[in-house]
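What follows is a set of notes on a single structure, which appears directly below.
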Amino acid sequence: MVVSRTALLAGTVLACVAVPAVAQELKIGVASEATSIDPHFHNVGQNNALRRHIFESLVFVDAAQKPYPGLAASWKAVDDTTWEFKLRPGVKFSNGQDFTARDVVYSVCRIPTVENSPSNFTIATKGIESMETPDPLTLVVKTKGPYPLMPLDMGVFGIISAQASGAGADLKFKKGGCEGLGTPPKSADFNDPAKAVGTGPYKLAEYTRGTRLALERNDGYWGAKPHWKTVVFRPITSAGPRVAALVSGDVDMIENPPIQDFDLIKKAGLTIVQGLSNRIIYVHLDQFTGPDWKTPGVKGTDGKNPFLDKRVRQAMSKAINRDAIVDRIMGGVAKPAGELLPVPLFGTSEDRKPEKYDPEGAKKLLAEAGYPNGFELTLGSPNDRYINDEKVAQAVAQMFTRVGIKTGVDSMTASTFFSRRNKYEFSAYLAGWGADTGEMSNSIVALIATQDAAPGFGNTNRGRYSNKTVDELTRKALTTIDDKEREKLLQEASKVGMEDYGIIPLHFEVTPWAFRKTITYTPRVDQYTLAYEVKPGQ
Amino acid sequence: MTQALPHDLGPAAAEPIRAERGESLLRRRLSAYFDTPLAFVGAGLLVLLLVVAIAAPWIAPQNPYDLAQLDIMDGRLAPGEKAAAGFTYYLGTDEQGRDMLSAILYGLRISLFVGVVSTLFACTIGASIGVAAAYAGGKVESFVMRVVDLQLSFPAILIALVLLAVWGRGIDKVIIALVIVQWAYYARTVRGSALVERGREYIEAARCLALPRSRIVFRHLLPNCLPPLIVVATVQVAHAIALEATLSFLGVGVPVTEPSLGLLIKNGYDYLLSGKYWISTYPGVALVIAIVAINLVGDRLRDVLNPRLSR
Amino acid sequence: MLVYFIRRLGQAALVVAVMGAIVFVSIYMVGNPVDVLANPNADAKEMAEIAGRLGLDKPLHEQFALFVWNALHGDLGRSFVFNEPALKLIIQRMPATLELAFAALIVSVLIGIPLGMLAGLWPHSVWGRGIMTGSILGFSLPNFWIGLMLILLFAVQLRWLPSGGRGETVTVLGVPVSFLTVDGLRHLVLPAFTLALYKAALVIRLARAGTREAMLQDYVRFARAKGLSPSRIILVHVLKNIMIPITTVLGLEFGGMIAFAVVTETVFAYPGMGKLLIDSIGRLDRPIIVAYLMMVVVVFVVINFVVDLIYAALDPRVRLSEQGS
């Protein structure tokens, strides 16, 4: 019987605590399961976190999302449209083969070919115009125009082995379809430990969907050896059972313990760490200026769009008591926000403070704008996407109502919410944005830049806010290679957007982890749980 | 998992109802109803809940649907703590600072409203279809009964869940979904008794008088099928309330800003492990009392109105 | 009989086809899966590409035709999220749900029959009345609330049992089962009891009615006259007789129990088919939702079909009336 054997083992472990080398297994209860082992199948948080254990990228980012050398030992911009990456020598794949520039080319080539991918990584490879490999350890990437984000993009996707995947000898990068790609592996092929060949600190050992995923230390790893010999990820999607599993000792560490259970966890003698994330929770107000503006969810304005008046937007921002939301709804586990990314991320400014709570000022502004009696509003919100999303939305509605904007909440499951939002069915909605790259350019381009398909601006700007100055500054930043100069431009763009109340920032989510007293973990801004960064404690 | 009690499984212990000559049928049945103390308790509770639900806007300390009256600074207070506005939260508050007592009173109102209205609609529609089918007979009848059987064989919860996942939240939507999953019960019940009544003399007589079909069906046939219908409808109100609560608990029922009892319980579920028991326990108690009261009444009505026992 | 068989078979096929169309069309009206699946950074072009890869760019009738074609070949679609056949994912979760449903069935019988027989033997006693009142409670208490209260009591307050999830499993004949491990049983107790409560109330009523009837039958009187001990009469003769209707009803209700496991599994975060359905609704993983519902439709239609045939075989009047109409 499995149980009795485990019990026996546990007994043995207890009996010889003196031997330190025993506890080399780490069991982690994760909140969402990776949907595939294939590093290129699905560009989504849990997959990207798992990917980092097995498949590495050229550029790494640290806990604060600052880039540092990974499989590339160094990189530089040769000119405005050329990036040169020097690859790390002596790196081997888990099957013993050497890692070379060819593998990078192969990985970039394979990305667009993944079948049935619900969201692939072409986002990170679209800047590449051509790729050359003058020698096995040098990669030269050409771009159309100046492309300062290339190093960040190179940190987004994992490198797979060209050899193990059956690449042809004539492999050559070509935009729109490579030559000599052979038959790229199917996503399901990676479920087999023998086929999941990467350079990472861990190798896939065993995978049973929905139950467990086991990793084994890659002893030939080029970098610092991780502490744990084996790592087991157990998906426990419901918060309560996840906490229970930790408290009862079934797992050593869990992701995202719910705020309301913090007391219980601490009382059980466990540690909680919290780290600021790159995710902002915000309210978008529909500022569409077209003549066919409908008023979904706005009543009592005679068909006028109240949000086109900056005073109304400012009033709504003043009406929100961010400290109260953080304290009461988020249990202190969040940080009031004054712009779209938290300090010290790239492009943020120390002096952008959260808006002060000022209901009287809000009422005055509304009266000035011609709405002394306010109006009626429906606030859309998902109910299962962000931490306490639906509850935050209700609190915001409560605060809007207090200054005269009678607000109801229409909350729904994320799938319905995003579909409806993308069809502009909400005049006001609450949502969140995690800046994958950790750079302000990402947040501005997505959330407040004017919608424009050509450069891919404003994809998530479903408030349809538009400000020429913001666009101009952002465009300039995106073609400025010099980091200092770029940061300044982004800070300015952010300032203009915030002072115009193009969007109403609420708070930054704080990501908690809980674990046994005997281990430590440094919280990451990107919310990833990386087993090789989990260290034994004192 | 409350469902209608299977029709013929009522306690056979029902005391045979003896009637004095000359008493009206209604009085006879009424007095028979109150023969057992439990039935008395059930009816009493039910009346109390109805009064409380209807009077909620006047007796609740707070209007939980008016967000301007809520204050998140009063969030998650334990039962008995004082509000900033002066009154006492006898049953505590939820995370929005919603007074649980007021929320329960209003929630009860929504739950009962949904239960009663959906039952009325389902009953009217189902009974009309059932009696019409029974009277028509032949192909029409067998077709309608196939549909009824088929629908009854599918779990109501699944049908309602899918419908509401498609439609989204809303009290109106919940009611429509409940009508759709419940009409078949009435159709079957009415058809059953109509089959018996169809062959009786008064229908023959009405036919001989060449009365219009619709008149025969709705004025003569239907009224005589009422007693079993009343029993089923009573129990179905409880069923509908439980189903609504379950759907709201699964997140597809009523809107969050106007919580029914089921939604209040769901909100409290998040805080269960952290010891804030009052957020989900008290609405649950109210829900259970309502359903038990209705079932007690329904159970007794079954005995009283059962023609096999009274004839 | 053959005519009857063919006609009923045709009806069953028609029902499956109609339900399939309704299910497919209504699920495809909900939202746009690309909005959920795509990386938030994706632009309009990438979103269009994703729709293309998943076959969502085709008009509804083409998608439906493809679905029907594949379904006829035993393929109910591929999960968008997991890139695996939807049916396979559901079947992987099936043992957990079946285990829960069977456990609940056993619990309901273990509670229901003794109590029902007690109430049937002494219907007018305090016990008899108490049990009947209790059964009303069993019918009334909403499933999910019972679950919550049990968690509150046994997991939070007393800390005797886990609050949710499935316990350790061992593999028997290739199927992972949890009822053979102590941990697995501990996880099974609360959800099984929650799911069983309604059925237990039903069994109480059936057992009570059956017992009362049986006690008046000749064979019981005869057994008594023969001097058999009361316990033997009750435990052997009466029990045997009341088991027939109980087994029939429970068999018919088993499907409903699996459907209601959706609620229980949600409360206890139990990784069965029902939880998969609820999760898939949240993720808008259409193929899984459709496959699950189609499976339910087929199972219920088959049960109805078989029951009809058995009735017809046993009762010639059914066939005759059918031909007459």
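By convention in this document, chain letters (A, B, ...) are assigned in the order of the sequence lines, proteins followed by strands, and residues within each chain are numbered from 1. Everything numeric in this text was worked out from a predicted model, so none of it was measured.
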Do the charged groups of [X] and [Y] touch, with an N to O distance under 4.0 Å?
X: A:D38; Y: A:R110; answer: yes
X: C:R53; Y: A:E115; answer: no
X: A:R420; Y: A:E425; answer: yes
X: A:K267; Y: A:D263; answer: no

Check each atom of [X] against the heavy atoms of chain C and say whether the ones under 4.5 Å are side chain, backbone, both or neither.
X: A:T122; value: both
X: A:K423; value: neither
X: A:N47; value: neither
X: A:N43; value: both
X: A:I236; value: neither
X: A:V445; value: neither
X: A:F121; value: neither
X: A:D250; value: neither
X: A:T460; value: side chain

Can a donor-acceptor pair be found between the side chains of A:N442 and A:W433 at a distance below 3.5 Å?
-> yes
Just checking, any donor-acceptor pair under 3.5 angstrom between side chains of A:E439 and A:T437?
-> no
Side-chain donor/acceptor of A:D389 to backbone N/O of A:R385, under 3.5 Å | yes
Side chain of C:E99, backbone of C:V177: donor and acceptor closer than 3.5 Å?
-> no
Are A:S119 and A:H42 close enough, and set up right, to give a side-chain hydrogen bond (donor to acceptor under 3.5 Å, both in side chains), and what steps lead you there?
-> CA-CA 5 Å; A:S119 172; A:H42 196 175; 5.1 Å; no
Are there more than 12 heavy atoms of other residues, nucleotides or ligands under 6.0 Å from atom NZ of A:K175?
-> yes
Pick one of side chain, backbone, both or neither for [X], based on which atoms fall under 4.5 Å of a heavy atom in chain A.
X: C:K275; answer: side chain
X: C:A42; answer: both
X: C:P40; answer: both

Flag this pair as yes if the NZ/CZ of A:R464 is under 6.0 angstrom from the six-membered ring centre of A:Y424 and inside a 45 degree cone about the axis; otherwise no.
-> yes
Selection from C:V34, C:V36, C:T266 maximising heavy-atom pairs under 4.5 Å formed with chain A | C:V36
Which one, C:L54, C:N41, C:L89, leads in non-hydrogen pairs under 4.5 Å with chain A?
-> C:N41
Would you tabulate the side-chain donor-acceptor contacts of residues 22-29 of chain C under 3.5 Å, counting partners in other chains and residues two or more places apart, or write 'none'?
residue: C:S26; atom: OG; partner: C:I22; partner atom: O; Å: 2.7
residue: C:S26; atom: OG; partner: C:V23; partner atom: O; Å: 3.2

Most chain C-contacting option - heavy-atom pairs closer than 4.5 Å, from A:R209, A:R421, A:E33, A:K126 = A:R209
In terms of heavy-atom pairs under 4.5 Å with chain C, which of A:I123, A:T413, A:N422 leads?
-> A:I123
When you look at C:Y198 and C:F260, which way does the ring pair (Phe, Tyr, Trp, His ring centres under 6.0 Å) test go after all the steps?
-> CA-CA 11 Å; C:Y198 171 79; C:F260 236 98; 7.8 Å; no
Close approach to chain A in residues 73-86 of chain C, criterion heavy atom under 4.5 Å | C:R78, C:F80, C:V81, C:F82, C:N83, C:E84
Taking all atoms of both residues into account, what is the closest heavy-atom pair of A:I265 and A:P257, and its distance?
-> CD1-CB, 3.5 Å
